[in-house]
Amino acid sequence: MRNKLILSLFLLTQIAFSQESETTKDTTVVFKKRVLEATEVDFLASYYKQDGVHSSVSGGMGSENLTDIASNIIVAMPMNDDDVLTIDAGISAYTSASSSNINPYDSANPTPWQSSSGASAQDALVSLVANYSHSSDNRNFIWNADVAVSMEYDYSSIGIGGGITQLFNDKNSEVSVKANVYLDNWQPIYPKELQVNQGPVFDQNGNNSALYNPNFVEWDSTNRNSYSASFSFSQVLTKKTQFSVFFDLVQQEGRLSTPYHRMYFADKPNFYVGNPLGIPNYQNESNTGTYQLADAIEKLPKSRFKLPIGIRWNYYLSERLVVRTYYRYYSDNWDITAHTASVELPIKLTDKFTLTPMYRYYTQKQSKYFAPYETHLSSEEYYTSDYDLSTFDANQYGFGFAYTDIFTSAKIWKFGLKNIDFRFNHYDRSDGLSSNIGSIGFKFVMQ
């Protein structure tokens, strides 16, 4: 997919469980509290901005500038005492200097450093998810099922899934198992020069040449399928300590490469279109009249197995401060290994306001299929210059600020405002990519 960090910071609808029982002389009457008392509505919005110098569309060089604005509305509706239907509808719209260069020739001066004005410069993702959950009478067993659809200009996805959760030890222990299947399909867009002659071609010496012959064949299949199973165990250890462990099994099959990621080989001559008066220098943005033609497009295996394993540990220090920690180890059969560690420190300022500083560290060892611009050889079976698959470290700093009113004293029509949650994070990656994301969410409860 496009070289962007897409960061998902959506709020989840909470489910509360309780049970009361009264035993009489010859009968037992069980009183059940509804899993969800009233309809809840979440409005979510985020703004994301990134920049970098390793665009995959341009073979590992050029601008990664991207802006994304996303919004979601999530409606959770009680069907009866035990069942809840949740609908999540969202749209995400972006503009991108990187993807605009899929067809850089709609500009008078094609360049990997500036956005072109064509259709590939922007897109929108529309998604819809429906989830149905059922809780047992004693609230110790929960099952759920969901279906998801999403679509953008060149990619569509259909997903189905479900899971079960069992609570025991007076709800101090919890085991969950979930499974999902996503059936995706590309409508592949290839770099324009691989399909259409864009004009006179010049070799690396600035001479008019007819020798440009890229290693390119259109895909004969366009599907990408993903299958996942997730397992988790959560335990309340003491009044102040809770931990959980989890692992996922993920298998992907089909077209796992991206059709508009260009490749430039070390053993192939360079060819250019545009201004024949100079050879493009990727360190000099003044060469805006020349664009290097691709030798091929990214090629990756049609199978990938992923295994993330992690742990969460939370400690209640006081009425004002909680420590939330997270660690995950990741590996796959493309030889990527990674470690993630994060900490959040929710500080309760008042009964209604909470400030949460947060930090996340990530480190990754690159895939065996990755190499930088003009490093791969054309004889290799697989190749990519996508820096998401490279070796890098990343630091993310941020804070959250939340307002909570369990009595929903502020009201809009028939809905009371229960929560406002704002978050901001800054992200820095050692390969030069940096980004900022701000998100805000409002939760309303029907009264």
Side-chain angles (χ1 to χ4, degrees), residues 4-14 42 44 46-50 52 68 70 72 174 176 178 228 230-238 240-250 306-318 320-332 336-349 353-366 387-402 404 419-441:
K4 65 178 182 179
L5 300 175
I6 306 244
L7 182 58
S8 173
L9 295 173
F10 299 147
L11 305 175
L12 300 177
T13 304
Q14 300 296 311
D42 289 312
L44 312 170
S46 67
Y47 176 85
Y48 174 82
K49 178 75 173 178
Q50 76 167 42
D68 182 274
N72 279 66
E174 178 181 312
S176 295
K178 299 179 182 179
S228 66
S230 301
F231 307 86
S232 66
F233 171 74
S234 178
Q235 177 66 48
V236 176
L237 295 177
T238 69
K240 294 187 175 183
T241 308
Q242 184 268 344
F243 86 97
S244 62
V245 293
F246 65 88
F247 71 93
D248 300 330
L249 304 174
V250 182
K306 305 177 182 180
L307 178 63
I309 303 172
I311 184 170
R312 292 181 175 88
W313 182 83
N314 299 334
Y315 186 74
Y316 178 86
L317 282 174
S318 69
R320 298 293 182 184
L321 180 61
V322 177
V323 179
R324 297 175 182 167
T325 63
Y326 169 90
Y327 170 77
R328 189 190 75 160
Y329 171 78
Y330 169 91
S331 67
D332 63 31
I336 291 180
T337 58
H339 302 269
T340 307
S342 68
V343 60
E344 296 185 2
L345 300 172
I347 304 169
K348 195 168 185 179
L349 304 178
F353 294 97
T354 302
L355 175 66
T356 306
M358 58 190 73
Y359 171 73
R360 176 181 180 270
Y361 174 75
Y362 178 84
T363 183
Q364 173 177 298
K365 177 186 174 184
Q366 70 184 42
Y387 273 72
D388 285 347
L389 302 180
S390 70
T391 294
F392 64 85
D393 300 326
N395 293 277
Q396 181 173 300
Y397 314 86
F399 69 92
F401 190 73
T404 303
N419 178 268
I420 302 175
D421 194 331
F422 172 79
R423 293 196 171 204
F424 176 83
N425 279 276
H426 175 75
Y427 176 85
D428 280 315
R429 210 160 84 175
S430 57
D431 65 355
L433 181 71
S434 64
S435 65
N436 293 296
I437 182 169
S439 64
I440 190 167

Straight-line distance of [X] [atom1] to [Y] [atom2], nearest 0.5 Å:
X    : Y    : atom1 : atom2 : answer
T340 : Y361 : OG1   : OH    : 10.0 Å
K348 : L355 : NZ    : CG    : 14.0 Å
K178 : S228 : NZ    : OG    : 10.5 Å
Y315 : K240 : OH    : NZ    : 4.5 Å
S46  : F424 : OG    : CZ    : 12.5 Å
D248 : L307 : CG    : CG    : 8.5 Å

Open item on the list: Aromatic contact between Y362 and F392, with the criterion being ring centroids under 6.0 Å apart: yes or no?
Closed with: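 Centroid distance Y362-F392: below 6.0 Å, so yes.
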Task: Aromatic centroids of F401 and F422 separated by under 6.0 Å - done: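 No; F401 has its ring centre 6.0 Å or more from that of F422.
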Where do [X] and [Y] come nearest, in terms of heavy atoms and distance?
X    : Y    : answer
T325 : V323 : CG2-CG1, 3.8 Å
D332 : K306 : CB-CA, 4.0 Å
L44  : G441 : CD2-CA, 3.7 Å
G400 : M358 : N-CE, 3.7 Å
D431 : L433 : OD1-N, 3.2 Å
T354 : P346 : CG2-CB, 4.1 Å

Open item on the list: Taking the basic N atoms (NZ, or NE/NH1/NH2) and the acidic carboxylate oxygens, is any pair closer than 4.0 Å for D388 and R429?
Closed with: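 Counted as a salt bridge, because a side-chain N and a carboxylate O are separated by less than 4.0 Å.
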Task: Salt-bridge criterion met for R423 and E344 (N-O under 4.0 Å) - done: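 Here R423 pairs with E344 in a salt bridge, since their nearest N and O are under 4.0 Å apart.
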Does the side chain of [X] pick up a donor-acceptor pair with the side chain of [Y] at under 3.5 Å?
X    : Y    : result
D393 : S430 : no
H339 : Y330 : no
S234 : Q242 : yes

Open item on the list: L321 vs L345, test: side chain to side chain contact (heavy atoms under 4.5 Å, CB included). Steps then yes/no.
Closed with: CA-CA 7 Å; L321 180 61; L345 300 172; 4.1 Å; yes
TODO: Mind telling me whether F247 and F231 have parallel, tilted or perpendicular rings, with 30° and 60° as the class edges?
DONE: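 Ring orientation, 0 to 90° scale: parallel.
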TODO: Please tell me if the side chains of N72 and D42 come closer than 4.5 Å, counting only heavy atoms from C-beta onward.
DONE: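 Answer no - side chains too far apart.
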Open item on the list: Any non-hydrogen side-chain atom of L237 less than 4.5 Å from a side-chain atom of F243?
Closed with: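 SC-SC contact between L237 and F243 confirmed.
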TODO: Take atom CZ of R324 as the centre, draw a 6.0 Å sphere, and report whether it contains more than 12 heavy atoms from other residues, nucleotides or ligands.
DONE: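 No - once you tally the heavy atoms of other residues, nucleotides and ligands closer than 6.0 Å, there are 12 at most.
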Task: Residue K365 excluded, over 12 heavy atoms near NZ under 6.0 Å - done: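 No, the 6.0 Å shell around NZ holds no more than 12 heavy atoms from other groups.
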Side-chain donor or acceptor of [X] paired with backbone N/O of [Y] under 3.5 Å:
X    : Y    : result
T391 : Q366 : yes
N436 : G438 : no
S232 : V245 : no

TODO: May I have the step-by-step check of side chain to side chain contact (heavy atoms under 4.5 Å, CB included) for T238 and V236, ending in yes or no?
DONE: CA-CA 6 Å; T238 69; V236 176; over 6 Å; no
Task: Y359/N395 under side chain to side chain donor-acceptor pair (under 3.5 Å): CA gap, chis, key distance, verdict - done: CA-CA 8 Å; Y359 171 73; N395 293 277; 2.4 Å; yes
Open item on the list: Within 45 degrees of the ring normal and closer than 6.0 Å to the centroid, is that where the cationic atom of R312 sits relative to Y326?
Closed with: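 Judged by the rule, R312 and Y326 form no cation-pi pair.
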Task: From CA spacing to verdict: side chain to side chain contact (heavy atoms under 4.5 Å, CB included), T241, W313 - done: CA-CA 7 Å; T241 308; W313 182 83; 3.3 Å; yes
